[in-house]
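The structure appears below as structure tokens.
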Amino acid sequence: MSLRGSSAALLLSTLLATLSAAAEWTPHAYAGASTIELRTVAAGEGEHWFPVWVVVIDDQVYVRLGPRAAGRIEKNQPAPYVGVRILGQQFERVHAEPAPDYAERVAKAMAAKYWSDLILHHFSHPLTLRLVPEPGGEELHH
């Protein structure tokens with residue numbers, strides 16, 4: 001193989017390895033992120049992306065949703081899956097598991113992480129979700 005061919009093969013394999021590594025779901029890396037974006041798809045609306053606060057507890061990713069965002073989850077056609085964007089990565093199929101047993105822990109973690117939760121924790125948050133990637137759903141798109 002020529003030097004040029006070897007260089008191209010090396011570049012391609014490095015690129016593929018980088019994309020593969022970049023698409024890994026790594027909750028500990030998300031602990032410092034301030035928001036995560038969720039994608040829902042509703043009949044007659046198409047896809048809709050919206051940001052929500054995110055916390056990581058026991059190496060699991062959690063979000064706490066207000067009534068409007070919870071309504072989007074309820075009307076989401078590909079439920080229980082949502083799309084997720086975080087730290088420059090996009091995941092196509094992430095299982096959005098209701099986690100009512102973690103609602104209090106998530107609320108405390110939100111209060112510790114976000115100063116403005118001092119006010120927002122008084123508002124209704126009817127849905128707490130644990131986000132778990134679907135095997136094979138960890139596809140990176142730009």
Side-chain angles (χ1 to χ4, degrees), residues 1 4-142:
M1 183 182 283
R4 187 177 197 174
S6 297
S7 296
L10 179 62
L11 179 62
L12 180 60
S13 65
T14 302
L15 178 61
L16 290 174
T18 301
L19 286 175
S20 175
E24 283 185 40
W25 184 261
T26 52
H28 64 275
Y30 308 148
S34 60
T35 60
I36 191 168
E37 286 185 275
L38 302 181
R39 180 192 60 218
T40 57
V41 180
E45 288 183 28
E47 70 176 38
H48 178 78
W49 287 94
F50 57 96
V52 293
W53 287 349
V54 60
V55 294
V56 176
I57 301 171
D58 299 333
D59 209 34
Q60 295 288 316
V61 178
Y62 292 90
V63 296
R64 178 181 65 175
L65 304 180
R68 187 172 177 186
R72 288 201 163 279
I73 295 295
E74 289 173 9
K75 295 174 186 165
N76 185 33
Q77 290 181 325
Y81 301 102
V82 295
V84 168
R85 288 183 188 148
I86 188 165
L87 299 179
Q89 296 177 312
Q90 182 169 318
F91 300 89
E92 294 302 312
R93 285 179 57 92
V94 176
H95 191 248
E97 300 175 352
D101 53 324
Y102 268 73
E104 188 174 330
R105 287 184 71 189
V106 169
K108 286 180 181 177
M110 293 278 182
K113 184 173 180 180
Y114 302 97
W115 68 267
S116 56
D117 192 66
L118 178 66
I119 296 166
L120 293 178
H121 81 270
H122 293 289
F123 292 90
S124 172
H125 294 96
L127 185 58
T128 299
L129 296 174
R130 178 182 304 110
L131 301 177
V132 180
E134 175 76 1
E138 300 179 10
E139 301 169 7
L140 177 66
H141 296 278
H142 299 281

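This structure is a prediction, so every number in the text was calculated from the model and none was measured. Just the heavy atoms: all of them, side chains too, but no hydrogens, waters or symmetry mates, feed the values below.
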Could you pull out the closest heavy-atom pair between [X] and [Y], with the gap in Å?
X	Y	result
Pro100	Pro98	CD-C, 3.4 Å
Ala69	Phe50	CB-CE1, 3.7 Å
Leu65	Pro126	O-CD, 3.2 Å
Ala109	Ile57	CB-CD1, 4.0 Å

Tell me, please, which residues at least two apart from [X] pass side-chain contact (heavy atoms from CB on, under 4.5 Å).
X	answer
Pro80	His95
Lys113	Val54, Val55
Ala29	Thr26

With heavy-atom distances below 4.5 Å as the criterion, would you say the side chains of Leu131 and Ile36 are in contact? yes
Flag side-chain contact, heavy atom, 4.5 Å: Glu92 against Arg39: yes
List, one per line, each side-chain donor-acceptor pair under 3.5 Å for residues 70-77, sequence neighbours excluded.
{"from": "Arg72", "atom 1": "NE", "to": "His48", "atom 2": "NE2", "distance (Å)": "3.4"}
{"from": "Arg72", "atom 1": "NH1", "to": "Glu45", "atom 2": "OE1", "distance (Å)": "3.1"}
{"from": "Arg72", "atom 1": "NH2", "to": "Glu45", "atom 2": "OE1", "distance (Å)": "3.4"}
{"from": "Asn76", "atom 1": "OD1", "to": "Val41", "atom 2": "N", "distance (Å)": "2.8"}
{"from": "Asn76", "atom 1": "ND2", "to": "Tyr81", "atom 2": "O", "distance (Å)": "2.6"}

Give the intermediate values and the outcome of side-chain contact (heavy atoms from CB on, under 4.5 Å) for residues Gln60 and Val132. CA-CA 8 Å; Gln60 295 288 316; Val132 180; 4.0 Å; yes
Please, which pairs that meet salt bridge (charged side-chain N to carboxylate O under 4.0 Å, His left out) have at least one residue in residues 80-91, sequence neighbours excluded? Glu37-Arg85
Within residues 46-60 or reaching into it, pairs that qualify as salt bridge (charged side-chain N to carboxylate O under 4.0 Å, His left out) - sequence neighbours excluded: Asp58-Arg105
Parallel under 30°, tilted from 30 to 60°, perpendicular over 60°: which one fits the rings of Tyr30 and Trp25? perpendicular
Which residues pass the side chain to side chain donor-acceptor pair (under 3.5 Å) test with Arg130, sequence neighbours left out? Tyr62, Glu97
